[in-house]
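When reading the values below, keep in mind they use all heavy atoms of this one structure, side chains included, and skip hydrogens, waters and symmetry mates. Whatever order the structure lists them in is the order used to number ligands and atoms, beginning at 1.
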Amino acid sequence: MAEEKFVGTPRKVRTHVNQNEGLVFEKSSPGKKAYRMAELDVPAVDAKKLLGPSVRTDLGVMPELSEIEIIRHFTRLSTWNYAIDLGMYPLGSCTMKYNGRVNEAVARLEGIAEAHPYQPTSLSQGCLQIMKTLEESLIEICGMDAITLQPAAGAHGEFTGILMVRAYHESKGNARKKIIVPDSAHGTNPATAAVVGYQVANLKSNALGMVDLEELERMVDEDTAALMLTNPSTIGVFESDIHKIADILHAKGALLYMDGANMNALVGKTRPGDFGVDVMHLNLHKTFSTPHGGGGPGSGPVACKKILEPFLPKPVVVTNTDGSLGLSFDRPQSVGRVRMFYGNFGMFVRALAYIMANGPDGLRQTTEDAVLNANYIRAKLSDTFELPFKSPSLHEVVFSDKLQAKNGVKTGDMGKRLIDYGFHAYTVSFPMVVSGAMMIEPTESESREELDLLIDALKQIAREAAENPEVVKTAPHTTRVGRMDETAAARKPVLRWKGPAEDVVLDSAAKEW
Ligand SMILES: *Cc1c(COP(=O)(O)O)cnc(C)c1O
């Protein structure tokens, strides 16, 4: 081992890293330890002999550090991240609302946090009751008949829902061939349809950014399995003709799938089940305030009408004749299991805590505040940025960079500049129906004061784009890491530390780009 090399030598590819902020391997020096063990007073054991030849005894190169160095390293890294607990996260489509601490307190109760999925149902009655109560609450919120909590994300819920659509059509003798997806849909919708084996038929939006009914009527036929509709759409617009859309589909035996990840705009105000939706998913990690971002576990329940209930994933939570709760595996038409055990149970607890803490009136207020906040931003910034769709906004608003692009300043530049003003970037270049999209979703969590700070920052950035475009085009300036080469980051990602011997390879790869 060439130990000296590990000691505080910042490597060329990471020139922004100074001695004090070094990487954990580079701070390593041989022999340092964060612990002290007593001398062995029993005979040493050969691990390979005891546990078999596959036991690894060579642990590779590991950093050697003292406890305070380790603590400082990780504490310092934690301060480099932006987080919802530090400030606003106006990332449109992602619903980055505040995650109430009451959710965490409940999820940490001993009987809940330490429950094991292999416990027999007789010892899991409390957990099953949490699932049942959450199921009933979500069914009520959506106006549907049945639900599964198994899927682990929104896209996973879409996959599950479309598998159910296919199983439904197959049960009638014909799986059908295509799924229609409007161009204002979330990108996961066409991906889902394709993964389940359907052809994707693209439906162009009309000038208001909504489904073009005549075009839809022309496209729907006996080969259409479903329309996948993001509602409100990715431009934050509610499909006001949703009833007619449902009628057109149902007349040809096709189903209406609603991507309900944007339910934050509808909860307590209107119910998809009442306006003709047959099957939909929810994102507990958006609408129902379970933590997300940073790769935390998600949860994407799928709610459906009676006609689709037999196809739900199994097992399902049922009430036994003696009143206790159980799991039913006897579901001959089920699409099967889509996730081990119950799904991401910890998220169910948090979502239910959120629903119960708010109550029906609180949930309705949440929706109203989310929509009000987005419209406040829209009203305050519509002189500053181009507004491509004039239709009324719900929980998010989409501007474009058209006015600033004249000076060579693009949505991505302004998003990065926003970081210098202490905010997370808004959503850049999405949805794709808007060229140069700047998508902002404040959520109900933000106060008027915080919204005003964001509005001031964006106005200031627009002024900079007019007077000093260079400062925007080279942002961010205040972060520890400056502007990245995004192509290199995507094509040649460096995802792990490589030993000193690999430095040469790393450096030359970086140079190529
Ligand atoms: C976030 C989102 C999804 C995908 O959800 P994941 O949990 O990220 O898989 C799908 N559709 C819409 C409209 C979304 O906003």
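- Counting heavy atoms under 4.0 Å from ligand 1, residue A153 touches it through both backbone and side chain.
- The shortest N or O to N or O distance between S93 and ligand 1 is under 3.5 Å.
- For the pair K286 and ligand 1, the shortest N or O to N or O distance falls below 3.5 Å.
- For a threshold of 3.5 Å applied to N or O pairs, the pair formed by N189 and ligand 1 contains no separation below that value.
- Within 6.0 Å of atom NZ in K390, more than 12 heavy atoms from other residues, nucleotides or ligands are found, so the atom counts as buried in its surroundings.
- The pair D413-R417 does not count as a salt bridge, with every side-chain nitrogen at least 4.0 angstrom from each carboxylate oxygen.
- The protein atom (non-hydrogen) at minimum distance from atom 9 (O) of ligand 1 is A155 N, 2.8 Å.
- At a heavy-atom cutoff of 4.0 Å, ligand 1 is contacted by the side chain of E158 but not by its backbone.
- In this structure, atom 15 (O) of ligand 1 is in close contact with the protein, since a protein heavy atom lies within 4.0 Å of it.
- By the criterion of a heavy-atom distance under 4.0 Å, the side chain of H285, and not its backbone, is placed next to ligand 1.
- The residue T234 has no part lying near ligand 1, judged by heavy-atom distances below 4.0 Å.
- Distance from atom 5 (O) of ligand 1 to its nearest protein heavy atom, with residue and atom name: N283 ND2, 3.1 Å.
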